[in-house]
Amino acid sequence: MSSTEKFSLREVLVSFKSCLVYDNQDILVEHYLNGWKGLVRFMNSLGTVFSFMSKDAVSKIQIMEIYLSGEQGEHYRTFQSMVEYELRSNLVDLNKRDNHPESGCRIILCLHRVFRWLQLFLEKLRTSTEDSKISNLCAEAYSDSLANYHPWNIRKKTNDAFMDLPARNTFFEVMDVGTTEEVLDMLREAMPYASNVYDFTQALYSKHNLLDLP
Ligand SMILES: CCCCCCCCCCCCC/C=C/[C@@H](O)[C@H](COP(=O)(O)O)NC(=O)CCCCCCCCCCCCCCC
């Protein structure tokens, strides 16, 4: 994944919109990962202070791509097929970190938890005002979601990184969508799709009791 490719938030939102298939009854892994690759490119454009986050995200994305291109690749085409295959093949550490610390189920759970942060952050961004501080919006969304799954040292490093975020108008410029009104219109359009992706994943993981993997 070359990080030099131009970021396009529109492409990211198209990926997350196109990943939900079969009448919202499954998610295509490849499109979901494409959305994350775009988000990581965006984050890289904000500065090296986020590189510890990018590194972790890229390593998770790359593991999923290895599964997708491997012998069992067809089982990793969608979230449903991945969950069913890994559970019936005992490829998931269900109660403690054991032989499968990087199962597809666990990696997607990590990204799903970040997706919740993204959903909360984008909603705050959508209802923000001109003098809203992006660092505050990020930190509030983080403490209401992902922070609950991170040890204190990661929480500290993450909140420190948020302090480096630019003002809202600069952030919108980096998003490169157009005027503030165009950004807000795009966020209004994107939010329902983001909710559908999050809700489907949450329901699938809840059904199989996978929401608290070690
Ligand atoms: C706009 C600023 C971007 C803020 C991103 C908020 C997410 C903060 C994530 C902090 C992760 C810290 C490093 C990873 C810690 C890992 O221990 C932890 C657990 O994994 P493990 O159990 O395998 O170790 N990993 C994770 O929780 C996954 C972290 C993945 C980070 C992905 C960040 C990409 C999000 C990009 C958002 C861009 C916003 C775009 C808005 C228009």
Side-chain angles (χ1 to χ4, degrees), residues 1-21 24 26-70 73 76-83 86 101-123 125 138 141-142 145-147 149-150 154 158 161-162 165 171 174-177 186-187 189-202 204-205 210-211 213:
M1 172 177 57
S2 72
S3 57
T4 51
E5 281 166 54
K6 183 97 175 70
F7 164 76
S8 158
L9 183 66
R10 201 173 295 283
E11 279 173 28
V12 166
L13 297 177
V14 164
S15 295
F16 283 129
K17 181 176 171 184
S18 64
C19 74
L20 209 54
V21 291
N24 292 5
D26 212 347
I27 286 180
L28 294 171
V29 171
E30 187 180 354
H31 292 243
Y32 186 78
L33 296 180
N34 287 341
W36 279 110
K37 288 185 198 175
L39 286 174
V40 169
R41 273 202 296 279
F42 175 80
M43 197 168 60
N44 288 340
S45 66
L46 291 171
T48 53
V49 71
F50 298 103
S51 57
F52 73 105
M53 299 179 190
S54 308
K55 283 195 188 82
D56 188 74
V58 168
S59 70
K60 287 176 165 58
I61 291 164
Q62 285 174 341
I63 293 170
M64 289 311 298
E65 289 185 321
I66 289 168
Y67 289 150
L68 268 173
S69 59
Y76 287 90
R77 214 174 63 77
T78 76
F79 280 18
Q80 294 253 40
S81 57
M82 173 190 75
V83 166
E86 287 199 340
E102 294 184 328
S103 63
C105 285
R106 187 179 181 282
I107 288 175
I108 294 296
L109 177 61
C110 285
L111 294 177
H112 173 59
R113 289 169 174 169
V114 186
F115 198 93
R116 179 63 179 155
W117 170 85
L118 181 68
Q119 199 183 5
L120 296 177
F121 172 61
L122 292 182
E123 181 55 20
L125 202 55
C138 279
Y142 180 62
S145 57
L146 197 51
Y149 301 100
H150 287 162
I154 294 284
T158 300
F162 288 152
L165 284 165
F171 192 81
V174 175
M175 285 169 73
D176 192 24
V177 169
M186 189 195 59
L187 291 176
E189 187 205 336
M191 289 321 294
Y193 299 115
S195 300
N196 290 342
V197 168
Y198 178 81
D199 293 346
F200 170 78
T201 311
Q202 188 72 5
L204 176 70
Y205 270 63
L210 294 171
L211 285 170
L213 293 176

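These numbers come from a predicted model, not from an experiment.
In this structure, the side chains of Leu33 and Leu68 come closer than 4.5 Å at one or more pairs of heavy atoms. A 4.5 Å side-chain heavy-atom check between Trp36 and Leu39 finds at least one atom pair inside the cut-off.
His31 and Ser15 share no side-chain donor-acceptor pair at under 3.5 Å.
In Arg113, the CZ atom is crowded: over 12 heavy atoms of neighbouring residues, nucleotides or ligands sit closer than 6.0 Å. In the displayed structure, Glu30 atom CD is contacted under 6.0 Å by at most 12 heavy atoms of other residues, nucleotides or ligands.
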Might you work through the salt bridge (Lys or Arg N to Asp or Glu O under 4.0 Å) test for Glu11 and Lys37, ending with a clear yes or no? CA-CA 10 Å; Glu11 279 173 28; Lys37 288 185 198 175; over 6 Å; no
For Glu189 and Lys17: C-alpha separation, side-chain torsions, deciding distance, then whether side chain to side chain contact (heavy atoms under 4.5 Å, CB included) applies. CA-CA 10 Å; Glu189 187 205 336; Lys17 181 176 171 184; 4.0 Å; yes
Verify side chain to side chain contact (heavy atoms under 4.5 Å, CB included) between Tyr205 and His112, making sure each step is shown before the conclusion. CA-CA 10 Å; Tyr205 270 63; His112 173 59; 5.6 Å; no
Would Leu46 and Phe171 satisfy side chain to side chain contact (heavy atoms under 4.5 Å, CB included), going step by step from the backbone distance to the final call? CA-CA 8 Å; Leu46 291 171; Phe171 192 81; 4.0 Å; yes
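Between Tyr32 and Cys19, the closest heavy-atom pair is N-CB, 3.7 Å.
How far CG of Leu28 is from CG of Leu20: 9.0 Å, rounded to the nearest 0.5 Å. The line from CZ of Arg106 to CD1 of Ile63 is 9.5 Å long, rounded to the nearest 0.5 Å.
Put simply, the side chain of Asp26 gets close to the backbone of Gln80: a donor and an acceptor are under 3.5 Å apart. A donor-acceptor pair is defined here as one N or O able to donate and one able to accept, closer than 3.5 Å; no such pair exists between the side chain of Gln119 and the backbone of Met191. Looking at Thr48, its side chain never comes within 3.5 Å of a backbone N or O of Ser51 through a donor-acceptor pair. At distances below 3.5 Å, at least one donor-acceptor pair connects side-chain atoms of Glu86 with backbone N or O atoms of Cys105.
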